[in-house]
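Written out below as structure tokens is the structure these notes cover.
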Amino acid sequence: MLDLKELQNDFEKIATKLRKKKVDETVLERLREISLKLKEQRKILEALQAEQNAKSKLFPQYQKEGKDIAGLKEELSQIKQKIAVEQEIVRTLEDEMYEIALSIPNIPDDDVPEGDGEEDNVELKRVLEPTTFSFTPKEHWDLAITPEWIDFERGVKLAKSRFSVLKNGAAKLERALINYMLDFNHNRGFEEVCVPYLVNRDSLIGTGQLPKFEEDLFKIEEEPLYLIPTAEVPVTNLFRDEILTKEELPAKLTSYTACFRKEAGSAGRDTRGMIRQHQFDKVELVAVTTPDQSDAVFDEMVACASDLLTSLGLPHRLMLLCGGDLGFSAAKTVDIEVWLPGQNRYREISSISNTRAFQARRARIRYREGKKNLPVHTLNGSSLAVGRTLIAIMENYQNEDGTVTIPEILKKYMP
RNA sequence: CGGGAGAUGGCAGAGCGGUUGAAUGCACCGGUCUUGAAAACCGGCGAGGGUAACACCUCCGGGAGUUCGAAUCUCCCUCUCCCGGCCA
């Protein structure tokens, strides 16, 4: 959520910055109007309430002195009616204000490049050269080992398309990767947590998936609960409605969860293989910081994910997302793309975002700064998407005979 | 899923329908005392909005209602705890 006070006082500044994200300016203008109007309406309401309170206090006194109460009663009845009217106005304004406020995306940082989409993202750096082969590398679904490792058909049988079953080496590798990543993150100072895969609406509003992106989520039918699209939701919401002390910050957490996404807008994309599934494993990093810590922690998280890939010997590059490609809650995002030799291109395997105070305001996560309670900064990022890492290993470590060599560092994690 | 109890400030725990945003204890912060610490004593100490700062408004799980007035009464919901059933 935007800082409404800032919007009231410095409309131009915010409007200008949000142009990068293509926000309809009339909506922004409307939000400002409502918030100002609400301020005025609240004053009217509060004056009436003050009068009501003052007059109500006279009752015990009147009764003690044996004065007549009827007149006072009548007076208060009228005030009560006026209050009801004003209250309704205030409530209507509040509802409209929150509806709009919750639908406006975060303001991009100043160093976020202009741009409409993927093609305008800026490459920051490359790590490791793309793997070279003495033969033509295959895509992961074409490897000789794949039928033994990944059962696409039966995934569909059990659920529907975009579900699959891992077997043999792939199942073991999946688990090895999860354990390896969690250990790696632990060594970088991230504390491991294990969280629910189902969350309520408040949690999803807190991190920004709702109310706007309901169609991307799997919802439980008989209860207002949703399957998490990322561990970012439960882990960040751990702190919802809490006031943290400065000593607790920065809080750095890591969590392995399955993630569930409807992929509503991706019909026909990546239908082959394991790139885009409705259910996938991910190890996530989440940090809660003071505003002056968040840039440093962001760099730490990017380094953590990049180093992890390097340790697995996987070539990758870091991309600074442009305004048009930025997610709803993010002020700044660095994507990490891993080299897939079979596809002969880089594919996203991690995404690290700083949401600044955007989620903190929605989820009311604050910290105590002197006498004030201020919103924290929240950050999240994939340590790595596990399924895509598995694919990256299959493609980068493939042999001419279609088998896959397990990276040395993972061997002690393999049974 | 069935039966019982409950939901108040960081925690514990009071609170006749009226001047209670809320006793008390602990924790915490500041001060006195002390070489320092502890103890003792004094003071402060919930959140959100509002203000230059006050004032003022809202909030005692959430919602609706009774009343001039509700933390206190009624109804609904949610959650927690105990007993039973079921089950990893």
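Chain A is the first sequence line, chain B the second, and so forth, proteins listed ahead of strands; every chain is numbered from 1.
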By salt bridge (Lys or Arg N to Asp or Glu O under 4.0 Å) - contacts of [X] (at least two apart):
| X | answer |
| --- | --- |
| A/Lys80 | none |
| A/Lys157 | none |
| A/Asp307 | A/Arg188 |

Taking only the [atom1] atom of each, what is the distance from [N] to [M] in whole angstrom?
| N | M | atom1 | value |
| --- | --- | --- | --- |
| B/U20 | B/G30 | P | 31 Å |
| B/C28 | B/G10 | C1' | 9 Å |
| B/U72 | B/G18 | C1' | 11 Å |
| B/C54 | B/G49 | C1' | 15 Å |
| B/A71 | B/G9 | C1' | 13 Å |
| B/G61 | B/G6 | P | 14 Å |
| B/C81 | B/C75 | P | 25 Å |
| B/G25 | B/A39 | P | 16 Å |

[N] pairs with which nucleotide, Watson-Crick or G-U wobble, both distances below 3.5 Å?
| N | answer |
| --- | --- |
| B/G46 | B/C59 |
| B/G65 | B/C73 |
| B/A88 | none |
| B/C41 | B/G31 |
| B/G6 | B/C79 |

Any protein N or O atoms within reach of nucleotides 60-67 of chain B? Criterion: under 3.5 Å, listing atom names and distances.
from: B/A64; atom 1: OP1; to: A/Arg91; atom 2: NH1; distance (Å): 3.4

**Message:** Taking only side-chain N and O atoms of A/Arg368, does any of them lie within less than 4.0 angstrom of OP1 or OP2 on B/G10?
**Reply:** no

**Prompt:** Taking the six-membered ring where the residue is Trp, are the ring centres of A/Phe260 and A/Phe218 under 6.0 Å apart?
**Reply:** no

**Item:** Pair A/Phe358 + A/His377: ring centers closer than 6.0 Å
**Value:** no

**Message:** In terms of relative ring orientation, are A/His278 and A/Phe163 parallel, tilted or perpendicular, with 30° and 60° separating the classes?
**Reply:** tilted

**Prompt:** Which word best sums up how the rings of A/Phe328 and A/Phe213 line up, parallel for under 30°, tilted for 30 to 60°, or perpendicular for over 60°?
**Reply:** perpendicular

Atom [atom1] of [X] and atom [atom2] of [N]: how far apart are they, to the nearest Å?
| X | N | atom1 | atom2 | result |
| --- | --- | --- | --- | --- |
| A/Leu244 | B/G10 | CG | P | 13 Å |
| A/Lys372 | B/A47 | NZ | C1' | 15 Å |
| A/Leu48 | B/G69 | CG | P | 14 Å |

**Nearest-nucleotide 5' precedence on RNA chain B, A/Ser56 against A/Leu76** = A/Ser56

**Complete:** 5' to 3', nucleotides 48-59 of chain B under a 4.0 Å protein heavy-atom cut-off (B base, S sugar-phosphate only, - none) gives SBSS----SBS-

Check: residues 87-94 of chain A side-chain donor-acceptor pairs under 3.5 Å, at least two apart:
from: A/Thr92; atom 1: OG1; to: A/Glu88; atom 2: O; distance (Å): 2.7
from: A/Glu94; atom 1: OE2; to: A/Arg42; atom 2: NH1; distance (Å): 2.6

**Request:** Identify the two heavy atoms, one from A/Met181 and one from A/Ser383, that lie closest to each other, and give their separation to 0.1 Å.
**Result:** CB-OG, 4.1 Å

**Asked** Within a radius of less than 6.0 Å around CZ of A/Arg19, do more than 12 heavy atoms belonging to other residues, nucleotides or ligands occur?
**Response** yes

